[in-house]
Amino acid sequence: MKKKRQSRLLEIIRTNVIETQEQIADILKAEGYDVTQATVSRDIRELRLTKRATPDGKHKYVIIQDGSGMDDKYTDVLRAGFVSMDKAQNILVVRTVSGMAMAVAAALDAMDYDEIVGCIAGDDTIMCAIRTTEDVELVMQRLNEIVE
């Protein structure tokens with residue numbers, strides 16, 4: 001029964017924009033499954049589902065594929081907070097939306113780029129120490145690919 005329910009849950013999130021566990025529970029109940037919000041919560045955890053922003057600003061449940069889901073979360077944070085960047089020798093200065101610098105810096109650190117030694121964040125500015133001046137260009141190119 002659990003496998004069948006979880007399989008149906010995956011189908012539901014693939015074919016609908018589902019924002020809450022209650023929505024999932026309601027759909028499953030309507031289809032005859034005996035579930036509670038706690039059951040749905042456990043299923044979500046076991047199935048490794050996460051929420052992702054949609055183009056219209058809502059959030060929906062999605063399946064994390066082959067470990068790439070965490071990278072997707074970091075790129076989502078980077079895209080949401082990024083404003084601009086500039087370099088000063090081996091220092092990359094990233095400007096963010098006000099209040100987003102710490103989140104974007106944490107995302108940059110978590111992306112685990114070998115070239116980034118570390119980041120220091122204020123309210124809307126991040127200073128990234130980059131290993132070499134050549135590496136700054138590489139990091140800027142990668143970040144431009146993400147935010148564009």
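Hydrogens, waters and symmetry mates play no part in the numbers below; they use all other heavy atoms, side chains included. Sequential numbering from 1 along the given sequence is applied to the chain's residues. Predicted model, so just to flag it, every value in this text is computed and none were measured.
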Atom CD1 of Ile120: over 12 foreign heavy atoms under 6.0 Å:
no
Please give me the minimum heavy-atom distance between Ile91 and Met127, naming the atom from each residue.
CG2-CE, 3.7 Å
With sequence neighbours left out, what residues match Thr133 under side chain to side chain donor-acceptor pair (under 3.5 Å)?
none
What are the two closest non-hydrogen atoms of Glu19 and Gln23, and how far apart are they?
N-OE1, 2.6 Å
How close do Arg79 and Ile146 get, counting heavy atoms only, and between which atoms?
NE-O, 2.7 Å
Ignoring hydrogens and angles, tell me if any N or O in the side chain of Asn90 forms a donor-acceptor pair with the backbone of Ile130 under 3.5 Å.
yes
Tell me whether the count of non-hydrogen atoms from other residues, nucleotides or ligands lying under 6.0 Å of CD in Glu46 goes above 12.
yes
Are the side chains of Lys60 and Val62 in touch, meaning some heavy atoms are under 4.5 Å apart?
yes
Of all residues at least two apart in sequence or in a different chain, which pass the side-chain contact (heavy atoms from CB on, under 4.5 Å) check with Gln21?
Gln37, Val40, Ser41, Ile44, Tyr61
Salt bridge Arg8-Glu31, side-chain N to carboxylate O under 4.0 Å:
yes
So, using side chain to side chain donor-acceptor pair (under 3.5 Å) as the criterion, who are the partners of Glu22 when residues are at least two apart?
none
Tell me whether Asn16 contacts the main-chain N or O of Ile12 through its side chain, where contact means a donor paired with an acceptor under 3.5 Å.
yes
Which residues pass the salt bridge (charged side-chain N to carboxylate O under 4.0 Å, His left out) test with Arg42, sequence neighbours left out?
none
Does a side-chain heavy-atom distance below 4.5 Å link Val93 with Met85?
no
Which pairs pass side chain to side chain donor-acceptor pair (under 3.5 Å) with one or both residues in residues 92-111, sequence neighbours excluded?
Arg95-Thr125, Ser98-Asp123
Taking the side chain as everything from C-beta on, heavy atoms only, tell me whether Leu10 gets closer than 4.5 Å to Leu49.
yes
Applying side chain to side chain contact (heavy atoms under 4.5 Å, CB included) to Val97 and Asp124, what does each step give before you reach the verdict?
CA-CA 6 Å; Val97 173; Asp124 63 356; over 6 Å; no
What salt bridge (Lys or Arg N to Asp or Glu O under 4.0 Å) pairs are there with at least one residue in residues 112-122, not counting sequence neighbours?
Glu115-Arg142
Would you say that Arg5 contacts Lys2 through its side chain, given a criterion of any heavy-atom pair below 4.5 Å between the two side chains?
yes
Assess whether atom CE of Met102 is packed by more than 12 heavy atoms of other residues, nucleotides or ligands within 6.0 Å.
no
